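Positions are given from 1, in the same order as the sequence printed here. Note that this is a predicted model, so its numbers are computed, not measured.
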Amino acid sequence: MSVLLKNGQGYVDKKLQQLNVLIEGERIRDLHSTTQTADTVIDLHQALVTPGLIDVHVHLREPGFTNKETIKTGSAAAAHGGFTTIGAMANLNPTPDTPERFKKQLELSQKSSVKIKQYAPVTQDRKGQATVDFSTLRDAGAFAFSDDGSGIANSQVMWTAMQKLAALNMVLCDHAQDMQLTNGGVINAGATAERLKMPGVNKVSESSQIARNLVLAQATGVHYHVCHVSTKESIELIRIAKKARVNVTCEVTPHHLLLDDTMIQNGDAQFKMNPPLRSAEDRMACVAGLMDGTIDLIATDHAPHTDQEKQQGLLNSPNGIVGSETAFALLYTRFVKTGIWPLNKLIDWLSEAPKQVFQLSTVGQLRVGDLADIAVFDLAHREKISATGFLSKGHNSPFLGQQVYGNTLFTLVNGQIVYRRY
């Protein structure tokens with residue numbers, strides 16, 4: 001089976017070039033093919049061709065919460081957004097915290113239309129008390145470990161986990177949050193919380209936990225990855241730690257780059273997530289941290305919920321928004337099209353950087369001989385983000401109704417078309 005993607009453009013050797021991508025079987029055979037014949041020939045009309053995007057932070061909800069999302073719908077949403085590889089978090093029911101449960105989770109993942117890298121939890125049932133058997137879960141196929149959704153309060157537990165994961169050369173991904181400092185808050189503590197008379201989350205709940213864990217990471221040598229950083233203090237701590245050669249990396253979400261708490265005008269729970277939207281100053285610190293290399297990559301934290309759940313206001317609705325289907329288009333429209341970022345940097349933050357940080361050897365790049373994991377985006381036409389166009393079960397997004405460029409036309413995984421717009 002062969003596919004020819006002709007008349008596209010993409011970055012090769014750090015230069016934007018005209019491309020005619022010939023795919024034979026699972027692999028890229030030529031980037032500048034002169035052939036006019038293939039089993040499937042698609043004229044891209046100068047659309048952008050990129051490596052398949054990689055999202056190391058999604059919530060697929062299956063098993064346990066399939067009213068919100070399933071592996072089938074979540075992976076379809078990822079493909080719709082141009083993602084060909086995703087990292088699925090372990091906050092499931094049952095938690096995949098034993099080799100037997102983990103292997104069952106991998107069996108479920110076979111329903112996916114994209115490549116799934118499955119997290120295992122750091123602690124049993126994600127309760128933050130006793131660590132899992134890291135070695136057997138690694139051998140079962142865990143690509144990294146995270147209790148995402150919960151911070152690990154017990155310092156001894158974190159210390160033990162870091163020591164063991166360092167010995168195994170595995171990544172510990174941390175939802176950095178001291179729950180004792182959140183004060184039952186639902187949005188960021190500050191002027192907006194006061195105006196709306198809502199309990200606020202003190203941002204030191206994040207930065208204090210990162211400070212502790214950076215010290216432990218330095219002592220153990222573990223690869224410590226901070227999920228969804230959101231405050232200027234957190235970013236500065238990581239910046240200092242990197243200069244001190246601590247083995248730390250971190251990610252930022254599109255929503256923490258695009259939104260801040262001044263944009264919350266009422267009790268709309270589409271703006272409720274964890275960590276919460278911070279101040280405008282924090283948002284700009286996230287943008288600056290990404291641009292200066294302190295923040296390594298962008299990950300969506302795709303977190304679907306039912307429409308009913310998200311209609312209960314800020315106080316009672318669950319945290320989280322969907323992001324798989326809108327990430328590239330939003331970031332391209334707001335940052336690349338306006339001249340703040342070069343296009344090649346956005347592509348790197350969504351593909352090459354996560355590949356390098358997590359040492360993902362089984363995903364493709366835009367190179368001859370590589371697996372044909374490819375995304376194609378339309379940069380020329382603007383479209384409105386609409387819930388009716390989502391393939392996710394979740395519609396919980398504060399970006400509904402916004403006009404964006406850079407919508408996905410095609411996504412291929414191992415040479416197979418898993419999403420096509422036309």
K.L.:
Is the side chain of Lys6 donor-acceptor paired with the backbone N or O of Asn20 at a distance under 3.5 Å, no angle test?
P.N.:
no
K.L.:
Who are the side chain to side chain contact (heavy atoms under 4.5 Å, CB included) partners of Gln163, not counting sequence neighbours?
P.N.:
Trp159, Thr220
K.L.:
What pairs with Asp39 under salt bridge (charged side-chain N to carboxylate O under 4.0 Å, His left out), at least two apart in sequence or on another chain?
P.N.:
none
K.L.:
For residues Pro398 and Ile321, determine if any side-chain heavy atom of one lies less than 4.5 Å from a side-chain heavy atom of the other.
P.N.:
yes
K.L.:
Which of parallel (below 30°), tilted (30 to 60°) and perpendicular (above 60°) describes Phe358 and Phe143?
P.N.:
tilted
K.L.:
Check whether the side chains of Thr362 and Lys117 place a donor and an acceptor atom closer than 3.5 Å, and report yes or no.
P.N.:
yes
K.L.:
Can you list the residues that meet the side-chain hydrogen bond (donor to acceptor under 3.5 Å, both in side chains) rule with Lys242, with sequence neighbours excluded?
P.N.:
Asp296
K.L.:
How about His255 and Thr253: does a side-chain donor come under 3.5 Å of a side-chain acceptor?
P.N.:
yes
K.L.:
Assign the ring pair Trp341 / Trp349 to parallel, tilted or perpendicular, where the plane angle (0 to 90°) is split at 30° and 60°.
P.N.:
perpendicular
K.L.:
Can a donor-acceptor pair be found, under 3.5 Å and without considering hydrogens, that links the side chain of Ser112 to the backbone of Ile71?
P.N.:
no
K.L.:
Without swapping roles, check the side chain of Thr333 against the backbone of Leu330 for a donor-acceptor pair under 3.5 Å.
P.N.:
no
K.L.:
Find out whether Gln209 and Leu181 are in side-chain contact, i.e. whether some heavy atom of one side chain is under 4.5 Å from a heavy atom of the other.
P.N.:
no
K.L.:
Just by distance, no angles: are the side chains of Ser392 and Glu69 close enough, under 3.5 Å, to form a donor-acceptor pair?
P.N.:
yes
K.L.:
Can you name the one residue among Arg27, Lys115, Arg367 that meets salt bridge (charged side-chain N to carboxylate O under 4.0 Å, His left out) with Asp373?
P.N.:
Lys115
K.L.:
For Asp43, look at atom CG and say whether over 12 heavy atoms of other residues, nucleotides or ligands are found less than 6.0 Å away.
P.N.:
yes
K.L.:
For the pair Phe328 and Tyr332, name the ring-plane relationship: parallel under 30°, tilted 30 to 60°, perpendicular over 60°.
P.N.:
parallel
K.L.:
Could Arg212 and Asp178 be called an ion pair, given the rule that one side-chain N must be under 4.0 Å from one carboxylate O?
P.N.:
no
K.L.:
Just wondering, do Lys337 and Tyr405 contact through their side chains at under 4.5 Å, heavy atoms?
P.N.:
yes
K.L.:
Is any side-chain heavy atom of Ile347 closer than 4.5 Å to a side-chain heavy atom of Pro51?
P.N.:
yes
K.L.:
Under a 3.5 Å threshold, yes or no: a donor from one side chain and an acceptor from the other, between Thr388 and Ser386?
P.N.:
yes
K.L.:
Would you say Thr95 and Arg126 are linked by a side-chain donor-acceptor pair, where the criterion is simply a distance under 3.5 Å?
P.N.:
no
K.L.:
Quick one: list whatever passes ring-ring contact (aromatic ring centres under 6.0 Å, His included) with Tyr224, sequence neighbours left out.
P.N.:
none
K.L.:
Which residues satisfy the side chain to side chain contact (heavy atoms under 4.5 Å, CB included) test with Glu236, sequence neighbours excluded?
P.N.:
Arg239, Ile240
K.L.:
What distance separates Ile23 CD1 from Asp370 CG, expressed to the nearest 0.5 Å?
P.N.:
12.0 Å
K.L.:
What are the two closest heavy atoms between Leu366 and Leu31, and how far apart are they?
P.N.:
O-CD1, 3.7 Å
K.L.:
Going by atom types only, do Asp378 and Asn407 share a side-chain donor-acceptor pair under 3.5 Å?
P.N.:
no
K.L.:
Going by salt bridge (charged side-chain N to carboxylate O under 4.0 Å, His left out), name the residues that satisfy it together with Arg61, two or more places apart in sequence or in a different chain.
P.N.:
none
K.L.:
Just by distance, no angles: are the side chains of Asn67 and Thr306 close enough, under 3.5 Å, to form a donor-acceptor pair?
P.N.:
no
K.L.:
Verify the distance criterion only: is there a donor paired with an acceptor across the side chains of Thr249 and His223 at less than 3.5 Å?
P.N.:
yes
K.L.:
Scan Ile264, Thr192, Ile187, Asn188 and name whichever one has a side chain to side chain contact (heavy atoms under 4.5 Å, CB included) with Met198.
P.N.:
Ile187
K.L.:
Could you list the residues that satisfy side chain to side chain contact (heavy atoms under 4.5 Å, CB included) with Ser234, not counting sequence neighbours?
P.N.:
Glu206, Ser207, Ile210, Thr231
K.L.:
Walk me through whether Asn7 and Gln46 qualify under side chain to side chain contact (heavy atoms under 4.5 Å, CB included).
P.N.:
CA-CA 5 Å; Asn7 299 324; Gln46 298 303 303; 4.1 Å; yes
K.L.:
Could I get the full list of salt bridge (charged side-chain N to carboxylate O under 4.0 Å, His left out) partners for Glu26, not counting sequence neighbours?
P.N.:
none
K.L.:
For Asn344, enumerate each residue passing the side chain to side chain contact (heavy atoms under 4.5 Å, CB included) test, keeping only those at least two apart in sequence or located in another chain.
P.N.:
Tyr11, Pro342
K.L.:
Please determine whether side chain to side chain contact (heavy atoms under 4.5 Å, CB included) holds for the pair Asp282 and Lys203, giving the CA-CA distance in whole Å, both sets of side-chain angles, and the decisive distance to 0.1 Å.
P.N.:
CA-CA 10 Å; Asp282 291 312; Lys203 63 181 183 175; 3.1 Å; yes
K.L.:
Considering residues at least two apart in sequence or located in another chain, which fulfil the ring-ring contact (aromatic ring centres under 6.0 Å, His included) criterion with Phe102?
P.N.:
none
K.L.:
Which atom names give the shortest non-hydrogen contact between Asp30 and Val368, and what distance separates them?
P.N.:
CA-CG2, 4.1 Å
K.L.:
With sequence neighbours left out, what residues match His59 under ring-ring contact (aromatic ring centres under 6.0 Å, His included)?
P.N.:
His57
K.L.:
By salt bridge (charged side-chain N to carboxylate O under 4.0 Å, His left out), which residues pair with Lys111, not counting sequence neighbours?
P.N.:
Glu62
